[in-house]
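Take a look at the structure below.
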Amino acid sequence: MKVAALLATRATRAHRKAWTAVFAALTLTSLLLGAFGLTLVSAWSAHPRVERYAGADLVVAGDQTTRFSAASLGERETVSAGLTERVRIPRTALTVVRGVPGVRAAVADVEFLVGLAGSAATGSATASATGRPWEAARLAPYALRTGRAPQRADEVVVAGGGGPERGGADRVGQRLTLRVGGHDMAYTVVGVADGPRTTVWFTGAEARRLSGHPEALDAIGVVAESGTGAGELAGRVRKALDTAGVTDVGHRADGDPAAVRVLTGDDRGEAEFLAAAPARGELLAALSSVAGAVVLVSLLVVSSTIVQALRQRSHELGLLRAVGATPGQLRAAVGREVGRVAAWAALVGAAGAAPAYLGLRALLDARGALPTGLELTLLPPLWLTPLVTAAVTVLVAQVAALIGGARTATARPAEALRERAPGRGRGITGLVLLGVGASAAGTAALQRGAAAAAAAGAAAVTMVIACAVLGPWIAEGAMRLLGAPLRLFGPGGRLAAANCAASAHRLGAAITPIVLVTAFAGVQLSGGATLTHAGDAQARQVLRADLAVHADGGLPAGAVERIREVQGVRAATEIVPGTVLLARSQLGAPELERLPVFGVTPEGLTSTLDPGPRSGDLTRLRPGTVAVGADRADSLGVRPGSTVTLRFGDGQEARLRVVATYQRSIALGDFLLSRDDLLRHTSMPTASGAGRVLVATAPDADRKAVTNALARAVPGARVEPDPAPVRGEAAEQALAEVVSVAVVGAVGGFTVIAVLSTLALIATGRRPELRLLRLAGAGRGQLRRMLRLEAAATVVTGLVVGAAVASVPLLAFSMATTGTLPYLPPAQAAVIVSVVVATAAAGSLPPVWGTLRGRYPR
């Protein structure tokens, strides 16, 4: 141990430059792992914000989780998914809760969509707001600023503050025209209260009538009597509800219990912000995937830099073996060197983890990747997470040192003084990994959606590792191919060709990180871009409408019928977005897949939309039926006349008869439903929904005249002359984009360090060679050209091999999901190439400038 410590101390001092690259790579590893670790633990401890129920001791609400069980490997396995639409509870629960000892007050709460206009005389366009019973205001609590509580059906209280967009709605005594359920009604403002500016409070009876479900409640806020603890009262309420047999409203699937929940503490926010809990699970999964990718990439990069640093010292290590140093002592010395460098690098990276975490939080917020109401919290002990990830960084470094130093430490003294050809075992391992990667790509070609993306990502990772293992052979083959073109550039080109052929194994270490960034960035960026590009193309093909009509507060009752009666209108179709969940067994394992869908009215559908019908009749779409995308129909084995079982956003299950299949499912989603079916399962439905009406005009109609006529036919609505394409967006798309940016940024940072360090170490080790060439008569210009051409050969080889590695899984993924070739935006491709070229140039030339200066070699 003393010998190893002495060797490590002397070597660290003598080879500071060689360990600089390792230090930089480990610092970046520690920083990224610390930042992602902080984000991960903050997501783990995240909870929905408590606003409306902050004054309630507990909240009774529906179960916002759906479950699906299936037999997997002989055992029963259950998966769950959060529901983003309101699961309601029966009104009878209110009576049960009020009868529980210790309950001082139990307040029913409902929420519904309100179109808030100016005065009836102004006819101004509507703005979206929410309606609630005034009794529920005490649960926040929201207090009156001025005026009084509503007492009659035509009286309301509005939130304070007012402003131009509210038309002075905070003035007591003002008359408002509100649109609820497709009907416009006049109300008098009798009070102004605290609270969100988009809230309007009604009397309890009026709120129940306007909600559209008078026998169901969104939630019950419970206030405990003095001296009664929330936990104790929650147990009593839970027991009372179970004894009374109270369950959620609606038909849930078999094996999916519909027990009413009793929420306390931070869990109360789950009854307010429905999308927060599902988004939390998606965020945890995405961040875990990113952290795993960072560990894998850092292991590859650190191993590469350690191998290159040790290769520069092969003669020194050979002499140490010759004078009696054992392999164990050399391994221990290298491990101590790496450990010292890693410890300092990990601490430096950990210090920067908190700012990086705050930057990642800002990026998530800026891109809308987090739903409203989800709070990422960090308790004081969790701020120590970077110290844990720093320890992981040191462990990664030790593993990399063990891998990188194994061959050098066990080499015989004579062998350490010369380059050794890669062994047969390494070649076999690389070929096996290539085969595994190709097999994973084949799996991606047979899957869809998230399964295809996961298989494509696994194929890319495996094939990149295979290329790292096969680096010397790849470099040798590439340099043979590039030898003839290089010789065309004169003496410098001939020198470059000869050197590339002689030291292909050395250049393989520089090619590997270029392959890494090209393949990883290509798969991450091109996967999402391919889906977006194909979806945008389909969305443009789907849309046949010339105009679109919509209103923020919902269209009035009968709006679609009035639109169809306007002169010059050929067809009108209402389209409403939503989500469903598909429960199925995938390779024997249960799976709940959340899918974006549309609800439509079938009348005139093919005149306003072109889904690309394949079979059946889309005009037969009615409540209880569904149209299925062609790819999804093939995977489910259904056709017109078959049945499909879906779960709506509120967890209720329905068996729907298939009436048609269609081709353009990337834009429209895998299922087209009846508008009425979808609206029955949304949180705040209106008579005409929250969607828009697509209008196709007659060929000879005056577009401007039709636009004006539509505005008159539907007061308060907006008419779009150029409708936006119809496109269903997955809920987690924004999160996936941020994750892609984070992964590409991390891989790019590692690649810059790896390419710079590897080429710099190679260039530094070639100084004696360059001096000898200058003494032999080579000019400085010839040597500079030689170095540039060598760097160019390295870059071209890395980019070509990386693109080839990426193309295999991308082709499988894109053909399986879109039926098109992979697509990468030219700007993103240019950035990848520019970063690689600039990094290669910076690593190849500056380290040897001193050797090439002056008339005589130095």
Side-chain angles (χ1 to χ4, degrees), residues 292-293 295-311 314 317 327 330-331 334 396 398-412 414-416 418-445 455-482 500-520 523 754 758 794 797-798 800-812:
V295 171
L296 177 61
V297 173
S298 65
L299 188 59
L300 288 173
V301 170
V302 173
S303 297
S304 176
T305 52
I306 289 176
V307 167
Q308 192 59 38
L310 294 177
R311 182 173 290 149
S314 58
L317 295 175
L330 291 183
R331 279 194 293 266
V334 171
V396 168
Q398 292 294 342
V399 173
L402 183 63
I403 297 172
R407 186 165 183 174
T408 303
T410 57
R412 293 187 179 91
E415 292 178 340
R418 62 181 177 85
E419 296 285 355
R420 288 195 296 173
R424 180 180 299 177
R426 178 173 179 174
I428 294 174
T429 302
L431 292 175
V432 170
L433 288 173
L434 276 181
V436 172
S439 176
T443 302
V461 171
T462 306
M463 296 183 75
V464 166
I465 297 174
C467 288
V469 175
L470 297 174
W473 290 280
I474 292 174
E476 183 177 356
M479 295 314 161
R480 286 181 180 177
L481 290 175
L482 294 174
C500 288
S503 57
H505 61 282
R506 185 172 58 191
L507 293 177
I511 291 171
T512 297
I514 299 177
V515 173
L516 177 72
V517 70
T518 305
F520 266 99
V523 170
T758 302
T794 302
T797 302
V800 170
V801 174
V805 169
S807 66
V808 174
L810 280 175
L811 274 171

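Worth saying up front: this structure is predicted, and the values here are computed from it rather than measured.
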What one should report as the nearest heavy-atom pair of Leu433 and Thr462 is O-CG2, 3.2 Å
Shortest non-hydrogen pair, Gly798 vs Val515, comes out as O-CG2, 3.7 Å
All heavy atoms of Pro809 vs all of Met463, minimum pair found to be CD-SD, 4.4 Å
Here the pair of heavy atoms bringing Gly430 nearest to Ala466 is O-CB, 3.5 Å
Correct closest heavy-atom pair for Val805 and Cys467 would be CG2-SG, 3.4 Å
On a heavy-atom basis, the closest approach of Ile511 and Thr797 is CD1-CG2, 3.6 Å
